[in-house]
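A quick note: this is a predicted structure, and the numbers were derived from the prediction, not measured.
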Amino acid sequence: MKILVTGGLGFIGSHTLVALQTEGFEVIAVDNLSNSSLEVLDGIERITGTKPLFENIELRNKSAVQKLFKKYDDIRGVIHFAASKAVGESVENPLLYYENNLNSLIYLLQELQQKPAAHFIFSSSCTVYGQAEKMPITEDAPIQVALSPYGNTKQIGEEIIKDVAKVKNINAILLRYFNPIGAHESAEIGELPLGVPQNLVPFITQTAIGLREKLSVFGNDYPTTDGTAVRDYIHVVDLAKAHVVALQRLLHHQNLENVEIFNLGTGKGSSVLEVIQAFEKVSDQKLNYQIVGRREGDITEAYAHTEKANTLLGWKTELSLEDALSSAWKWEKKLEISKKPPS
Ligand code: WQD
């Protein structure tokens with residue numbers, strides 16, 4: 001039995017491959033290397049001792065997906081990370097996002113629905129809630145009109161899976177992530193943002209290491225304790241473990257419905273300034289930042305209600321914001337060393 005991990009060389013995908021191999025699963029990593037690199041496979045091997053099977057596949061190419069499932073006829077489960085995920089880019093180039101994110105999903109499901117039974121874990125996002133009315137956010141919080149084509153592909157993706165699972169023997173779990181940060185403690189794998197990082201933590205670590213001159217804090221006029229926006233920052237290692245737990249739930253037929261939804265977060269909100277202060281503490285250095293105007297499309301506050309994942313899924317976060325920031329910093333320093341030409 002093999003587990004297919006699409007987007008397996010990406011940030012969350014690579015950490016999930018490590019968690020799966022640690023639990024003894026045989027995995028196939030699929031990636032088109034558009035936002036990752038083959039070295040990630042070596043990093044995974046250095047951690048687990050096993051290099052995952054790897055296929056460089058364009059999932060938006062239907063025949064490529066059909067060939068993949070012909071080659072590996074013992075795929076029992078799929079964890080689907082592969083997607084374009086830059087919110088701003090999706091606004092500029094919506095069709096790239098609808099084509100890539102939705103066609104890849106449809107072609108995977110077309111293969112899975114031909115199997116006697118299949119298990120599907122979908123990488124979704126708290127972005128489907130937009131600015132939720134109530135904090136912490138529960139799984140039955142209303143889905144708001146998407147603020148970006150990226151967010152819309154997550155909402156539409158969830159609906160496609162629900163419709164297919166109603167009539168085909170596919171059991172699915174939709175995992176709605178809050179804000180994944182950090183890196184594996186070994187610093188063998190981590191976040192590899194292409195170009196200028198959009199997300200807060202990689203921008204912080206790149207500023208601290210001197211790759212960026214200063215961090216712009218997008219707004220301090222939000223109705224929060226210190227005026228900066230609040231998010232639920234979850235360690236990527238905790239997040240990866242949740243995928244293994246969710247897969248085992250399906251494999252052991254413990255799911256109560258053919259599609260289950262879980263919010264994955266720490267349950268704690270942290271403001272941008274609190275993240276900066278925590279980073280300065282763990283890195284023991286001052287961060288150069290400047291308060292600027294709000295970023296278009298940002299929400300004020302989001303943090304997860306964790307009871308359903310804690311009780312039903314039987315999973316909860318074990319690592320702290322400081323653990324995540326410390327591992328992110330260790331990873332950034334490792335990247336710097338690896339880029340330095342040998343002296
Ligand atoms: C966090 C906070 C920014 C950068 C996005 C996607 C979401 C998911 C996670 C994929 C916000 C502030 C950021 C900076 C800043 N991605 N910030 N200066 O926007 O909550 O979520 O990433 O699934 O779908 O929307 O994460 O890290 O971009 O921002 O002040 O240079 O940090 O305003 O308050 P976000 P983020």
Is any side-chain heavy atom of [X] closer than 4.5 Å to a side-chain heavy atom of [Y]?
X	Y	answer
T317	H235	no
Y222	R294	yes
L251	F25	yes
Q21	I3	no
K162	L174	yes

For [Y], is there any backbone N or O sitting under 3.5 Å from a side-chain donor or acceptor partner on [X]?
X	Y	answer
D238	E318	yes
T6	A82	yes
N152	A146	no
K154	S123	yes
N101	A83	no

Quick one: do [X] and [Y] make a salt bridge, cutoff under 4.0 Å?
X	Y	answer
K334	E188	yes
E336	K333	no
E139	K308	no

*asked:* Restricting to side chain to side chain donor-acceptor pair (under 3.5 Å), what partner residues turn up for N35, sequence neighbours left out?
replied: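 Scan of N35 (side chain to side chain donor-acceptor pair (under 3.5 Å), adjacent residues dropped) gives none.
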*Please list all pairs passing the side-chain hydrogen bond (donor to acceptor under 3.5 Å, both in side chains) test where one or both residues lie in residues 192-205, with sequence neighbours left out.*
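Counting only pairs at least two positions apart or across chains, the side-chain hydrogen bond (donor to acceptor under 3.5 Å, both in side chains) contacts touching residues 192-205 are T205-E332.
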_Please report whether the ring centroid of Y177 lies less than 6.0 Å from that of H243._
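Yes, the ring centres sit under 6.0 Å apart.
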*asked:* If hydrophobic clusters are built from ILVMFWY residues whose side chains come within less than 4.5 Å, do Y107 and F120 share one?
replied: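 Yes.
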*Check the hydrophobic clustering (I, L, V, M, F, W, Y; side-chain heavy atoms under 4.5 Å; chains of links allowed) and say if I204 and L319 are grouped together.*
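Unlinked, I204 and L319 end up in two clusters.
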*Smallest separation among heavy atoms of E26 and K2, with atom names*: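 Nearest heavy atoms, E26 then K2: OE2-CE, 3.3 Å.
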*With K268 as the cation and F178 as the aromatic partner, state whether NZ or CZ is under 6.0 Å from the six-membered ring centre and within 45° of the axis.*
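The answer is no, since K268 fails at least one limit relative to F178.
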